Amino acid sequence: MSCRVVVLLSGRGSNFRAIAEAGLPIEIAAVISNRPQAAGLDYARERGIPAVPLDHTAHPDREAFDALLAEEIDYHQPDLVVLAGYLRILSPAFIARFEGRLLNIHPSLLPMFPGLKTHERALAEGVKVHGCTVHFVTADLDHGPIVIQAAVPVRADDTPDALAARVLQQEHRIYPQAIRWFAEGRLEIHHGRVNLKDDLTSQSVLSTGT
Ligand code: GRF
């Protein structure tokens, strides 16, 4: 039986697209967006995947909205919930409900640069290597167990947009990889660290390219 996945997003959905096109042993049961106009929903419709707009602005209270969101997710009975550019903080109750089957991608090499504007901050700090991280979500924002990371070189003439584009290419590689491992039952969380079962495959991608 293939792994059922629900995707949460808020915007353009390029990571969702990369996941949907990667030929993974999964069934994307639904795509849910807190922003009804998200381009990611249009792409889901194109592929015949149930696309669910759930407008958070209609629910001023975060806990109430997250409870509704959790109900909608449960309706689709996923094995895994994937945050793919979901731009809202999740309440502790929501995270507790899905802990261990909730993945996120963050555009930095965590634990460096949690939070927003990661590319600007990386350039301001003068780091020479930047990247992205797929991790399990825990109550500790952007600090959950790390599944896989990809690194890209920072160039002397980089702008936040140029760097973001290079990092995004790597996001599109590592998110499908992480989901494949999950679907194959190969991710084991032990003392806050993720081990890859039965394999010596590296959980890092080093990009030297442009
Ligand atoms: C990506 O940069 C991801 O790392 C961050 O939000 C962005 C989503 O982009 N969490 P997209 O909607 O998948 O194109």
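We count ligands from 1, going down the list as the structure has it; atoms in each ligand are counted the same way. Being a predicted model, the structure only gives us computed values, none of them experimental.
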To check your reading of the model: name the closest protein heavy atom to [atom], its residue, and the distance in Å.
atom                    : result
atom 9 (O) of ligand 1  : R12 NH2, 3.3 Å
atom 2 (O) of ligand 1  : E171 OE2, 3.2 Å
atom 10 (N) of ligand 1 : I105 O, 3.0 Å

Selected option - heavy-atom contact closest to atom 6 (O) of ligand 1, from S108, S10, G85: G85

Shortest reach to atom 12 (O) of ligand 1 by a heavy atom, considering only A38, G11, G13: G13

- prompt: Is the closest heavy atom of L9 to ligand 1 under 4.0 Å?
  reply: no

Non-hydrogen side-chain atoms of L69 and N34 separated by less than 4.5 Å: no

- prompt: Is it true that atom CD of Q37 has more than 12 heavy atoms of other residues, nucleotides or ligands lying nearer than 6.0 Å?
  reply: no

Give a yes or no answer on whether the side chain of [X] reaches the backbone of [Y] with a donor-acceptor pair at less than 3.5 Å.
X    : Y    : value
D66  : S91  : yes
T159 : A162 : yes
T133 : S108 : yes
R4   : H76  : yes

field: Sub-4.0 Å atoms of ligand 1 with respect to non-hydrogen atoms of P107
entry: 4 (O)

message: Is it the case that ligand 1 has an N or O less than 3.5 angstrom from some N or O of N104?
response: no

